[in-house]
Amino acid sequence: MAREDNFDLINLDGPLSVEAILKTLQQRFMEGHCYTWIGPVLLCINPFEAPGPAVHAVLKHLCEQVLQEMANDQLPHALIFKGVCGSGKSFTADRLLLEMFQNTKRTDWLQDIRKYWQVSTVVLRAMGTASNEQNKDSSRIGRVVDFTIAELKIIKIKMNCFFLDQTRLVSPSAREQNYHIFYQMLAGLSPEERTKYQLNYHDVRTLHYLSQGMEPAETVPQLQSRFEAWKSSLAQLGIPLTDVLKVLSAVLLLGNTLFYEAKNQELQLQGAEELQSVATLLGIQPQSLQRGLTLRTYRSSRGPTVQSPCSAAAANGARDALVKALYIRTMVAVMRRINTLLRGVSQKTHVGGANGGHTYSSEPGMLHVVDMFGFENSEVNSLEQLCVNWTAEQLQHHYIQSLFSSTISRCTEEGVGPMFETAPYDCSPCLELIGGQDSGLLEMLNEETLSPRVSSEDIRIRMRRKFKSNDRFIPPAGSSSTFAIRHYCGTVIYDTYSLLNANADTLADDIIATFDGKVCKFGFVAHLFSVELSRDLLPDGTARGQMCRITPAYLQQASNPDNEVATTYVQDYQSNVQESLCGLLQAQQHHVLCLSSNDKQTSGHFDKEVVGQQIQSMAIFETVDFMQCGT
């Protein structure tokens with residue numbers, strides 16, 4: 001399979017340098033070539049404009065190459081997309097996944113699979129994408145898509161998703177936006193629908209969860225068009241539009257409620273009309289919703305539970321926790337529906353000899369397509385960015401291990417030095433600092449989160465003491481709430497202020513009791529909390545006095561909810577990511593390195609400094625040097 005564009009950086013003439021690579025990439029970029037090979041590695045530069053026909057040819061070749069290797073070696077393979085936020089990873093991955101459908105053998109059910117895949121992409125892009133400082137279409141969902149392939153036929157697909165960015169729902173930063181679906185919905189709802197969903201007289205400027213951030217750059221007709229596409233796609237997935245729109249509207253209106261303490265210390269509500277609207281949308285009584293947000297049940301060692309009123313801060317925190325739970329659990333319900341459709345169709349397929357109830361002529365091959373989060377360095381970085389960058393560091397480590405480490409180890413064993421000039425950056429110390437078992441920063445955070453009465457100041461003190469000798473860690477200075485980590489892509493400053501609360505990821509069972517089936521008339525939202533309603537409340541449906549998880553582990557994996565132990569947000573995320581990525585260690589890896597052409601998202605502009613930084617941090621110079629040596 002010959003490449004249509006045969007240019008390869010390993011054939012560069014003259015002395016190899018970062019400047020020589022940069023000059024070549026810039027020249028090709030200006031000629032319209034955004035894709036360049038480094039031996040088997042594909043390098044993609046995001047031009048922030050619609051791709052030309054050459055893109056199709058390059059991705060088609062890569063897809064054909066991977067499928068042919070799978071047919072030849074009968075081994076698991078992995079396609080790994082890697083780069084900074086704004087480098088076009090998800091866009092490139094989506095294009096390649098469509099090529100996967102085109103290049104595998106056509107079957108009757110594959111047409112259904114492709115349809116479901118395309119409409120699911122539309123739905124998830126609207127609900128899981130937001131504008132941030134580095135990317136106006138930043139995917140906040142990490143994906144590992146597992147294909148089972150036999151005789152060039154796709155026989156099963158499963159999409160594992162990782163939804164991280166909860167804080168954005170309730171407090172997007174001033175230079176960012178909330179999720180795209182909210183702006184599309186406000187632009188696309190008809191007057192009758194606005195009335196139905198309690199959104200009359202509301203727009204981006206009047207809704208608190210949206211007004212904190214920037215307004216959308218797209219025109220109203222563009223937003224309306226995207227909303228129509230989202231509605232159509234949701235219908236094709238068999239998901240009731242009314243149910244989802246009720247939840248989305250309730251989320252927006254909850255942001256316009258505020259609890260405050262009057263002079264007599266009594267709790268007062270600002271936004272009673274909005275609370276009434278939310279209750280109507282969610283099929284519950286407004287008094288019941290207000291009690292769930294403002295009263296806390298506590299266990300008594302001497303008898304029945306007792307209730308006491310919350311502070312204004314606690315009530316507003318409960319409101320935000322409910323918003324996160326409603327949105328994330330709706331996303332999980334959508335994701336489960338998508339996987340059911342993909343799996344349900346494939347189960348009807350039978351190909352050749354016997355295997356687990358299905359018939360195959362040979363053992364099917366596994367292809368893992370990895371499109372996780374891009375490295376981020378925002379104006380404000382907290383728990384979400386720490387998890388994102390830990391994941392990006394993991395993928396960089398995988399890249400170094402698969403490409404360089406075996407050769408370096410072999411040379412060391414044979415007593416010779418490797419032929420290439422520069423060894424790549426070692427991510428191991430940073431990975432150990434952040435995610436080391438029993439010694440890492442995330443493990444320390446988990447311990448403190450599960451301990452009672454621990455403050456952000458306690459976290460900072462322990463950080464200084466535990467990591468002061470680690471050269472990848474920059475401790476908080478004085479009374480500052482921030483610390484910094486030296487990552488492979490640069491130094492990032494993180495704020496400890498909200499780490500504990502975000503990691504606890506808790507929702508009081510007083511709120512969950514509000515949605516008990518005996519009092520809640522909206523079956524969809526009651527189903528979102530069905531496990532907790534049946535497991536955690538008292539027999540009469542009232543609160544037991546315990547904190548539940550906003551995103552419990554059973555929502556993120558096929559675990560038994562009855563066997564869950566107390567965990568944190570980070571523990572579940574680490575466990576699920578490591579489980580999904582462990583397959584990479586046994587797989588034949590194919591890497592797609594994605595670069596951003598500039599940090600202003602300007603169409604067709606090549607910023608040498610921005611691209612040069614990525615060439616250095618992503619070990620692209622070392623990759624070319626390594627490939628040129630032929631080792």
Side-chain angles (χ1 to χ4, degrees), residues 119-132 136-141 163 165-166 168-172 176-257 271 273-274 277-283 322-335 337-338 522 524-525 528:
V119 297
S120 70
T121 300
V122 174
V123 170
L124 294 178
R125 184 179 295 138
M127 298 182 71
T129 302
S131 176
N132 64 18
K136 67 180 180 180
D137 289 308
S138 176
S139 175
R140 315 311 296 163
I141 299 177
F163 188 88
D165 205 346
Q166 301 180 11
R168 179 180 304 275
L169 286 163
V170 298
S171 57
E176 300 188 358
Q177 291 176 4
N178 215 308
Y179 289 98
H180 285 344
I181 185 58
F182 294 123
Y183 308 97
Q184 296 167 7
M185 181 176 75
L186 288 174
L189 288 174
S190 67
E192 294 77 18
E193 288 173 323
R194 280 179 163 272
T195 300
K196 179 179 179 180
Y197 298 113
Q198 310 287 323
L199 289 172
N200 273 333
Y201 315 113
H202 280 297
D203 58 26
V204 172
R205 292 176 294 275
T206 65
L207 292 161
H208 178 66
Y209 286 154
L210 304 185
S211 64
Q212 298 174 74
M214 298 189 303
E215 293 192 27
E218 290 183 301
T219 64
V220 170
Q222 288 174 322
L223 293 169
Q224 290 172 336
S225 175
R226 293 187 185 279
F227 184 61
E228 288 302 315
W230 177 79
K231 288 200 300 182
S232 172
S233 298
L234 205 66
Q236 291 181 68
L237 292 173
I239 299 171
L241 173 67
T242 298
D243 290 353
V244 178
L245 286 178
K246 281 183 178 180
V247 172
L248 296 180
S249 300
V251 162
L252 289 178
L253 291 169
L254 272 168
N256 280 28
T257 63
E273 185 176 337
E274 282 85 353
S277 296
V278 170
T280 300
L281 289 164
L282 298 182
L322 175 59
V323 164
K324 294 175 183 178
L326 287 169
Y327 193 85
I328 303 249
R329 289 170 185 239
T330 299
M331 284 286 291
V332 171
V334 169
M335 195 61 249
R337 175 60 179 167
I338 291 168
F522 183 16
F524 178 80
V525 76
L528 298 181

| Gly128 to Ile141 - nearest heavy-atom pair and separation | CA-CD1, 3.7 Å
| said: Quick check: do Phe522 and Leu281 have side-chain heavy atoms less than 4.5 Å from each other? | reply: no
| message | Do the side chains of Glu193 and Lys231 get close enough for a salt bridge, i.e. N-O under 4.0 angstrom? | response | yes
| task | State the OG1-CG distance between Thr129 and Asp137, to the nearest 0.5 angstrom. | result | 6.5 Å
| message | A side-chain contact here means heavy atoms from C-beta on lying under 4.5 Å apart; do Met127 and Tyr179 qualify? | response | no
| note | Distance col, row Asn256:CG vs Ser211:OG, nearest 0.5 angstrom, shows 7.5 Å
| said: Using side-chain heavy atoms (C-beta onward) and a distance below 4.5 Å, is Pro172 in contact with Gln177? | reply: no
| field | Crowding at CZ, Arg140 (>12 non-hydrogen neighbours, <6.0 Å) | value | yes
| For the atom pair CG (Leu237) and CZ (Arg337), what is the distance rounded to the nearest 0.5 Å? | 7.5 Å
| query | Does the side chain of Glu218 come within less than 4.5 Å of His180's, by heavy atoms? | reply | no
| Leu234 vs Val244, side-chain contact (heavy atoms from CB on, under 4.5 Å): CA-CA, chis, key distance, verdict | CA-CA 9 Å; Leu234 205 66; Val244 178; 4.0 Å; yes
| message | Within the structure provided, determine whether Tyr327 and Gln166 are in side-chain contact (heavy-atom separation under 4.5 Å). | response | no
| said: Walk me through whether Ile239 and Val123 qualify under side-chain contact (heavy atoms from CB on, under 4.5 Å). | reply: CA-CA 11 Å; Ile239 299 171; Val123 170; 5.7 Å; no
| query | Does any non-hydrogen side-chain atom of Val204 lie less than 4.5 Å from one of Tyr183? | reply | yes
| request: Apply side-chain contact (heavy atoms from CB on, under 4.5 Å) to Leu124 and Met331, showing your working. | output: CA-CA 8 Å; Leu124 294 178; Met331 284 286 291; 4.3 Å; yes
| said: If I compare all heavy atoms of Ala250 with all of Val278, which pair ends up nearest, and what's the gap? | reply: O-CG2, 3.8 Å
| request: Establish, yes or no, whether a centroid distance under 6.0 Å links the rings of Phe182 and Tyr209. | output: no
| query | In terms of side-chain geometry, is the basic nitrogen of Arg168 or Asp165 positioned less than 4.0 Å from the acidic oxygen of its partner? | reply | yes
| said: Can a donor-acceptor pair be found, under 3.5 Å and without considering hydrogens, that links the side chain of Gln222 to the backbone of Ala217? | reply: no
| said: Using modelled atom types and a 3.5 Å cut-off, is there a donor and acceptor pairing between side-chain atoms of Arg194 and backbone atoms of His202? | reply: yes
| task | List the steps, then state whether side-chain contact (heavy atoms from CB on, under 4.5 Å) holds for Leu252 with Met185. | result | CA-CA 11 Å; Leu252 289 178; Met185 181 176 75; 3.6 Å; yes
| query | Can you find a heavy atom in the side chain of Val332 that is under 4.5 Å from one in the side chain of Phe163? | reply | no
| Are Glu228 and Ser225 linked by a side-chain donor-acceptor pair shorter than 3.5 Å? | no
| task | For Ile338 and Ser120, work out which heavy atoms get closest and say how close. | result | CD1-CB, 3.4 Å
| task | Might you point out which heavy atoms bring Asn200 and Pro191 nearest each other, and give the distance in Å? | result | OD1-O, 4.1 Å
| Do His208 and Thr257 come within less than 4.5 Å of each other through their side chains, counting heavy atoms only? | no
| message | Can you tell me how far apart CG (Leu207) and CG (Leu254) are? Round to the nearest 0.5 Å. | response | 11.5 Å
| query | Out of curiosity, Ser131 OG to Lys136 NZ, how far, rounded to the nearest 0.5 Å? | reply | 8.5 Å
| query | Which residue, Val323, Thr280, Leu199, forms the side-chain contact (heavy atoms from CB on, under 4.5 Å) with Leu253? | reply | Leu199
| Approximate separation, where rounding is to 0.5 Å, of Asn178 CG and Ser171 OG | 9.0 Å
| query | Counting N and O atoms only, with roles assigned by atom type, does the side chain of Thr206 sit under 3.5 Å from a partner on the main chain of Asp203, one being a donor and the other an acceptor? | reply | yes
